[in-house]
Visitor: 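After the structure tokens below, expect a handful of questions from me.
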Amino acid sequence: MTAADITTVQDAHAPASRKISGEAVLFLVAALLLGIAVVNTVAFGLAGLSMTALALVPVCYFMILWITVGK
């Protein structure tokens with residue numbers, strides 16, 4: 001068996017690459033942000049929760065406008 005035969009055999013049995021869908025990435029990002037908010041609330045109490053909510057006001061406003069426009 002030559003070196004060329006070995007690489008052909010190895011490539012034939014290589015596992016197929018699996019791509020993560022965009023929807024799965026969005027769910028992972030949402031879970032990460034939620035986890036950060038929980039840790040922030042546990043670590044800093046009510047002040048941490050209120051600062052998280054205050055930081056998310058522009059995000060919520062943008063999302064509402066984006067959904068309303070429909071683009």
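Quick caveat: nothing in here was measured; it's all calculated off a predicted structure.
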Visitor: Could you work out the complete set of other residues in the hydrophobic cluster of L28, with links drawn between I, L, V, M, F, W and Y side chains under 4.5 Å apart?
Guide: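 Result for L28 is none, singleton.
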Visitor: Taking ILVMFWY side chains as joined if any heavy atoms are under 4.5 angstrom apart, and letting links pass through other members, which residues group with L26?
Guide: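 Once heavy-atom contacts under 4.5 Å are chained together, L26 still belongs with nothing else.
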Visitor: Going by atom type alone, with no hydrogens or angles, which donor-acceptor pairs under 3.5 Å involve a side-chain atom of residues 30-48 and a protein atom two or more places apart or on another chain?
Guide:
{"from": "N40", "atom 1": "ND2", "to": "G48", "atom 2": "O", "distance (Å)": "3.2"}
{"from": "N40", "atom 1": "ND2", "to": "T52", "atom 2": "OG1", "distance (Å)": "2.8"}
{"from": "T41", "atom 1": "OG1", "to": "A37", "atom 2": "O", "distance (Å)": "2.8"}

Visitor: So, using side chain to side chain contact (heavy atoms under 4.5 Å, CB included) as the criterion, who are the partners of L54 when residues are at least two apart?
Guide: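 Only M51 meet the side chain to side chain contact (heavy atoms under 4.5 Å, CB included) criterion with L54.
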Visitor: Among residues two or more places apart or on two chains, list those pairs meeting side chain to side chain donor-acceptor pair (under 3.5 Å) that have a residue in residues 19-39.
Guide: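 Qualifying pairs: none.
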Visitor: May I ask whether V29 and I20 are part of the same hydrophobic cluster, defined by side-chain heavy atoms of I, L, V, M, F, W, Y residues being less than 4.5 angstrom apart, directly or through others?
Guide: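 Yes, one cluster joins them.
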